Amino acid sequence: MSRLLTFVPPRPRRWLIGLLTPINRGVFLHGMFGRPGLMGIESIEFPAGDKARFRDAVHPGTAAFIAPNHPEFLTDWLLDKELSARHAPSMASWATHGVVNGMGALGQRFWLANNLIAQIPGAGGAAGKNYSIGWALAGHAVLLHPEGSVAWTVDTVQPLFPGVADMAIEAAGRARASGRRVLIVPVVWRYRFTRDVHAALERELDLVERKLELAGNRDSTPAARVLGLYSAMLARDEARWSVHAITGMPFANRQQALLVALAQRLDAGLDDVGAQRIEAAAAVNPFERAQQLVRRADRWARDTANRASDARAEIRALAGTLRRITRFNPLWYPHATLSQEQIAENLKRLRADYCSTGWRDDLHRFVPRPVGPRVAHVRVPEPIDVSAWIDARPADTASGATVLLALLRDRMQTSLDQLADDLSVGAGFRTYPNPFR
């Protein structure tokens, strides 16, 4: 089996982890020598009560699974490492196998020394889960982002994957004899610009429009220009897959119509090649349906026996289009206005998904520079004592992961909503009419 799909246990080196801490702070987060950090985080606001809640849950006497939200790329990992440096120095973190195993032998040794756990897709992930459970039960924390990949949604917690719940439930079973508490510790963070970034947003819009060969219009608001970008990309996908668009249809309806059409085509193609269906709850909307089909297609495409199939190229292309379209949902923005932070996150998502004009775009995917300086506000909702939770409902452990995930997401979203409300008080920066309503 290839290195990419082979799990190798982390080999943490405390000296290397300690050496990287000032680099994370000086180069990436806060800056040094009068220069801002690459991710523009001028400060981290972490209230004393939330720090205490974290310390009470994450220490050598517990088995803690830390579950932060995942609103943007790179900054999340840097904040995770800062949290670890301050409060959980032996913490292990999950990362995609493409990062841990996909950068050659030297890169793999580096990431394993940084205590990263490779997330191997499919059945190969069992070894990583087993290692994580053992590491947590040894009194070291394990961190993973239950939302999976970055969605670029600063105000919305995306649907959670079951890994954190599955591992916590199994760890609680193993810990029953010892009496060690097993906890899921939610963490949410939200950034806020420290000044008006309207001009910087317009420059970034100019750049993205130019890369996508679209005519810009500075007479429109940044929000309206974002709608124009999404609409243009949707039109290109409609043309590529020969899906007729009804002129004048609102963006959300047009997007859903395309999702339904492509999902039907992918479903039929997967049935034709005999792809195994995935046991899942019934989808309640076109987004969930499309995401289920993408997972089914990915599983089929990973099977080496299917690599010679004539249908593989089209199935992968359809799945890729559906994956990209579902990365933006207008329902994530239900309010009458959009903030500058929301405009910024959509620009990062658009650039990551649609711009590929050279090495600068490739670099931007890994180091997505913000348009202005920011403060990161961190909160820790009430941790979930999984051991006590199981004891309170012993007859329902079979479906426990689903219920546990719902509880976790509710705590994360409630805390994030409260944080957004707190930050909106006295906010002096401009907002824009929401064109997606």
Side-chain angles (χ1 to χ4, degrees), residues 40 71-73 150-156 190-240 245-259 287 321 324-358 360-361 363-365 367-374 420 424 427-437:
E72 67 173 66
F73 187 77
V150 175
W152 295 99
T153 51
V154 71
D155 290 311
T156 302
R190 187 185 192 276
Y191 69 85
R192 185 185 184 191
F193 290 118
T194 60
R195 59 175 171 81
D196 188 339
V197 295
H198 178 86
L201 288 172
E202 290 204 316
R203 288 193 296 271
E204 183 113 344
L205 279 159
D206 292 342
L207 175 67
V208 175
E209 288 166 345
R210 185 168 64 251
K211 286 179 174 292
L212 296 177
E213 300 179 342
L214 297 171
N217 180 10
R218 281 211 170 190
D219 291 332
S220 298
T221 68
R225 292 173 72 182
V226 166
L227 171 59
L229 284 165
Y230 280 120
S231 298
M233 295 303 97
L234 197 67
R236 291 182 184 181
D237 285 328
E238 289 166 342
R240 177 187 181 186
I246 300 175
T247 305
M249 179 183 288
F251 176 86
N253 299 86
R254 184 175 162 190
Q255 183 191 46
Q256 289 201 14
L258 180 60
L259 281 176
F287 278 82
T321 302
R324 182 164 30 77
I325 294 172
T326 57
R327 279 169 52 78
F328 171 70
N329 187 342
L331 296 179
W332 295 336
Y333 304 99
H335 302 299
T337 60
L338 296 180
S339 67
Q340 291 187 333
E341 290 82 4
Q342 290 170 328
I343 298 296
E345 73 186 16
N346 277 283
L347 282 172
K348 295 305 180 189
R349 187 190 300 118
L350 281 159
R351 188 169 179 186
D353 288 349
Y354 294 101
C355 296
S356 54
T357 58
R360 287 183 177 85
D361 288 326
L363 178 62
H364 188 268
R365 288 189 185 88
V367 188
R369 298 287 305 275
V371 298
R374 309 178 292 175
S424 69
F429 305 137
R430 71 182 81 182
T431 59
Y432 310 96
N434 182 358
F436 295 105
R437 293 189 72 193

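The structure presented is a predicted model; accordingly, all values stated were derived computationally and were not measured.
- Tyr354 pairs by the ring-ring contact (aromatic ring centres under 6.0 Å, His included) definition with nothing, not counting sequence neighbours.
- A donor-acceptor pair under 3.5 Å is absent between the side-chain atoms of Asp361 and the main chain of Arg351, judged by distance alone.
- Under a 3.5 Å cut-off, the side chain of Arg349 and the backbone N or O of Ala151 do form a donor-acceptor pair.
- For Arg190, the salt bridge (charged side-chain N to carboxylate O under 4.0 Å, His left out) partners two or more places apart in sequence, or in a different chain, are Asp155.
- Note: Thr153 OG1 to Gln342 CD = 10.0 Å, rounded to the nearest 0.5 Å.
- At a threshold of 4.5 Å between non-hydrogen side-chain atoms, the residues Ile343 and Val371 do not count as touching.
- Atom CD of Glu213 is separated from atom OG1 of Thr357 by 9.5 Å, given to the nearest 0.5 angstrom.
- A search for side-chain contact (heavy atoms from CB on, under 4.5 Å) contacts involving Ala252 returns Pro330, not counting sequence neighbours.
- Looking only at side-chain heavy atoms (C-beta outward), Phe436 and Tyr230 come within less than 4.5 Å of each other.
- The minimum heavy-atom distance linking Val208 with Cys355 is given by the pair CG1-SG, 4.1 Å.
- With sequence neighbours excluded, the residues that form a side-chain contact (heavy atoms from CB on, under 4.5 Å) with Ala245 are Glu238, Arg254.
- Side-chain contact between Thr431 and Leu338: absent, with no pair of heavy atoms (C-beta onward) separated by less than 4.5 Å.
- Checked against side-chain hydrogen bond (donor to acceptor under 3.5 Å, both in side chains), Arg360 has no partners two or more places apart in sequence or in another chain.
- Applying the side-chain hydrogen bond (donor to acceptor under 3.5 Å, both in side chains) test to Asn217 and every residue at least two apart in sequence or in another chain returns Ser220.
- Checked against side-chain contact (heavy atoms from CB on, under 4.5 Å), Pro368 has the following partners two or more places apart in sequence or in another chain: Met39, Phe73, Leu74, Trp152, Lys348, His364.
- No side-chain heavy atom of Val226 sits under 4.5 Å from any side-chain heavy atom of Pro222.
- When side chains are defined from C-beta on, Gln255 does not count as touching Thr326, because their heavy atoms never get closer than 4.5 Å.
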From CA spacing to verdict: side chain to side chain contact (heavy atoms under 4.5 Å, CB included), Leu229, Leu205
CA-CA 9 Å; Leu229 284 165; Leu205 279 159; 3.8 Å; yes
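- Partners of Asp196 according to the salt bridge (charged side-chain N to carboxylate O under 4.0 Å, His left out) rule, which considers only residues two or more places apart in sequence or in another chain, are Arg430.
- Side-chain contact between Phe328 and Phe287 is absent, with no heavy atoms from C-beta onward closer than 4.5 Å.
- Summarising the geometry of Pro435 relative to Ala223, their closest heavy-atom pair is CG-O, 3.5 Å, with the distance given to 0.1 Å.
- Arg225 is linked by a salt bridge (charged side-chain N to carboxylate O under 4.0 Å, His left out) to Asp206, Glu209, counting only residues two or more places apart in sequence or in another chain.
- In this structure, Arg437 has no salt bridge (charged side-chain N to carboxylate O under 4.0 Å, His left out) partners at least two apart in sequence or on a different chain.
- Contact check for Val150 versus Pro71: no side-chain heavy atoms found under the 4.5 Å cut-off.
- For the residue pair Gln340 / Tyr432, a side-chain donor-acceptor distance below 3.5 Å is found, with atom types taken as modelled.
- For the pair Glu204 and Leu201, the minimum side-chain heavy-atom distance is 4.5 Å or more.
- Taking CG of Leu258 as the reference point, atom OG1 of Thr321 lies at 8.5 Å (rounded to 0.5 Å).
- For residues 324-346, the pairs satisfying salt bridge (Lys or Arg N to Asp or Glu O under 4.0 Å) are Asp237-Arg324, Arg327-Asp353, with sequence neighbours left out.
- For Arg365, the side-chain hydrogen bond (donor to acceptor under 3.5 Å, both in side chains) partners are Asp362, not counting sequence neighbours.
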